[in-house]
Undergrad: 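Before we start, here is the structure in question, set down as structure tokens.
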Amino acid sequence: MGNSQAHPAFRTIDLTVAVKLAQDLIAIGDSSDVEVNLEITVPGMPELERLTTAMPTATMFGYGQSPCTHPPSGSAAASPFPIFLEWRSQPYGRLEDRFVAVVGQCPGTLVWSRVRWPAVPSLNLPAEGEYGHVSISINSRHLHWDEPALDHTVHIHDRKGSVLRAQWIAEQVGLDLIGPPCVAL
């Protein structure tokens, strides 16, 4: 197992539109085993309270802290920010709408993994399940959050070194790829 390659395919200021497009892309493949993972950087207490109230099963990581699902009373306020929240292996469709409603300006990544891309005989591409993902860079231009932005970027993932499938998938929903790929971690 290795890392996928993420191809940026769409950018928007409307996270609801980005999630809908991601779901349209997922529908091109087999979504029966799709799971959702989310990582978010929380810059301060108001955002932390808003996110953990809406999504109480988050795992929290802070500088110098061990992961925990619920911060001990008063400890989050005393912790240095940013705090990192993550939700792992969530069922498809369970947290997306709740998250979109509360994310605000926090940067993060929403990933739908285990998408099984179909074979594309015209391009000599076999079906792909191991590297089939769709992700959104939230409030960031880059997959790894190192380019803050007021918009969100949807990425199509496939095996490293292959751009044909990502181009084909983008075309199925009327898009073109909008930038160079990057290796996903």
Undergrad: Counting only heavy atoms not in Ile178 (residues, nucleotides, ligands), do more than 12 fall under 6.0 Å from its CD1?
TA: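 Yes, the 6.0 Å shell around CD1 holds more than 12 heavy atoms from other groups.
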Undergrad: State, yes or no, whether a side-chain contact exists between Thr59 and Phe84 at a heavy-atom distance under 4.5 Å.
TA: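 Not touching, per the 4.5 Å side-chain cut-off.
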Undergrad: Hey, does Thr57 have a side-chain heavy atom less than 4.5 Å from the side chain of Trp87?
TA: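 In contact.
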Undergrad: Given 3.5 Å as the limit, does a donor-acceptor pair link the side chain of Trp117 with the main chain of His157, or not?
TA: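 Yes: the side chain of Trp117 pairs with the backbone of His157.
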Undergrad: Val111 vs Glu35, test: side chain to side chain contact (heavy atoms under 4.5 Å, CB included). Steps then yes/no.
TA: CA-CA 8 Å; Val111 180; Glu35 61 183 29; over 6 Å; no
Undergrad: Do the non-hydrogen side-chain atoms of Leu175 and Leu21 ever get within less than 4.5 Å of each other?
TA: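 A side-chain contact under 4.5 Å exists here.
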Undergrad: What verdict does the side chain to side chain contact (heavy atoms under 4.5 Å, CB included) test give for Gln23 and Tyr92, after you've listed the backbone C-alpha separation in whole Å, the side-chain angles of each residue and the deciding distance to 0.1 Å?
TA: CA-CA 10 Å; Gln23 292 167 335; Tyr92 181 39; 3.5 Å; yes
Undergrad: Going by an N to O cut-off under 4.0 Å, is there a salt bridge joining Arg116 and Asp30?
TA: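 Here Arg116 pairs with Asp30 in a salt bridge, since their nearest N and O are under 4.0 Å apart.
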Undergrad: Roughly how far apart are Leu125 CG and Ser162 OG, rounded to 0.5 Å?
TA: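 Rounded to the nearest 0.5 Å, the CG-OG separation comes out at 5.5 Å.
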Undergrad: Roughly how far, to the nearest 0.5 Å, is CD1 of Ile40 from CD of Glu47?
TA: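 The distance works out to 10.5 Å.
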Undergrad: Could you measure the distance from the CD1 atom of Ile136 to the CG atom of Leu15? Nearest 0.5 Å is fine.
TA: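 Between Ile136 CD1 and Leu15 CG, I get 5.5 Å after rounding to 0.5 Å.
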Undergrad: Determine yes or no for a side-chain-to-main-chain donor-acceptor pair under 3.5 angstrom, with Glu96 supplying the side chain and Gly93 the backbone.
TA: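 Between the backbone of Gly93 and the side chain of Glu96 there is a qualifying donor-acceptor contact (under 3.5 Å).
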Undergrad: Transitively linked via ILVMFWY side-chain contacts under 4.5 Å: Ile156 with Ile26?
TA: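 Same cluster: Ile156 reaches Ile26 through Ile, Leu, Val, Met, Phe, Trp or Tyr contacts under 4.5 Å.
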Undergrad: Take Ile28 and Leu25 through the test side chain to side chain contact (heavy atoms under 4.5 Å, CB included) and record every step on the way to the result.
TA: CA-CA 5 Å; Ile28 293 167; Leu25 292 166; 4.2 Å; yes
Undergrad: Within a strict 4.5 Å, meaning less than it, do heavy atoms of the Leu38 and Met55 side chains meet?
TA: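 Counting from C-beta outward, Leu38 and Met55 do come under 4.5 Å.
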Undergrad: Count I, L, V, M, F, W, Y as connected when their side-chain heavy atoms are under 4.5 Å apart, and connections chain through other members. Are Ile13 and Val17 then in the same cluster?
TA: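 Different clusters: Ile13 never reaches Val17 through Ile, Leu, Val, Met, Phe, Trp or Tyr contacts under 4.5 Å.
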Undergrad: Under the 3.5 angstrom rule, does the side chain of His152 hit a backbone N or O of Asn139 as a donor-acceptor pair?
TA: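 Yes; at least one donor-acceptor contact below 3.5 Å.
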Undergrad: Tell me if a side-chain donor or acceptor on Arg88 pairs with a main-chain N or O of Glu39 at a distance below 3.5 Å.
TA: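 Not a single qualifying donor-acceptor pair exists.
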Undergrad: For Arg114, look at atom CZ and say whether over 12 heavy atoms of other residues, nucleotides or ligands are found less than 6.0 Å away.
TA: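 No, the 6.0 Å shell around CZ holds no more than 12 heavy atoms from other groups.
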Undergrad: Does Gln167 use its side chain to pair, donor to acceptor, with the backbone of Leu177 at less than 3.5 Å?
TA: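 No, because the side chain of Gln167 does not come within donor-acceptor range (under 3.5 Å) of the backbone of Leu177.
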Undergrad: Taking Val102's backbone N and O only, do any of them form a donor-acceptor pair with Arg50's side chain (distance below 3.5 Å, no angle check)?
TA: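 Such a contact is found between Arg50 side chain and Val102 backbone.
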Undergrad: Could you check Asp151 against Arg141 for side chain to side chain contact (heavy atoms under 4.5 Å, CB included), going step by step and ending with a plain yes or no?
TA: CA-CA 7 Å; Asp151 53 24; Arg141 287 282 173 99; 2.8 Å; yes
Undergrad: Do Thr12 and Asp14 pair up side chain to side chain, a donor and an acceptor below 3.5 Å, judged on atom types alone?
TA: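 No, no side-chain donor-acceptor contact under 3.5 Å.
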Undergrad: As an exercise, state the distance from CD of Glu128 to CZ of Arg159, rounded to the nearest 0.5 Å.
TA: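 Interatomic distance, Glu128 CD to Arg159 CZ, rounded to 0.5 Å: 4.0 Å.
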Undergrad: Report the distance from atom CG of Asn3 to atom NZ of Lys160, rounding to the nearest 0.5 Å.
TA: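 Nearest 0.5 Å value for the CG-NZ distance: 5.5 Å.
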Undergrad: Just wondering, do Pro181 and Val163 contact through their side chains at under 4.5 Å, heavy atoms?
TA: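 No, their side chains stay 4.5 Å or more apart.
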Undergrad: Could you state the interatomic distance from CG (Leu143) to OG1 (Thr153), rounded to the nearest 0.5 Å?
TA: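 Here the rounded value is 9.5 Å.
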Undergrad: Does Ser31 use its side chain to pair, donor to acceptor, with the backbone of Ala27 at less than 3.5 Å?
TA: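 It does not hold such a pair.
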Undergrad: Is there a side-chain contact between Val154 and Ser135, using heavy atoms and a 4.5 Å cut-off?
TA: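 With C-beta onward as the side chain, the pair stays apart.
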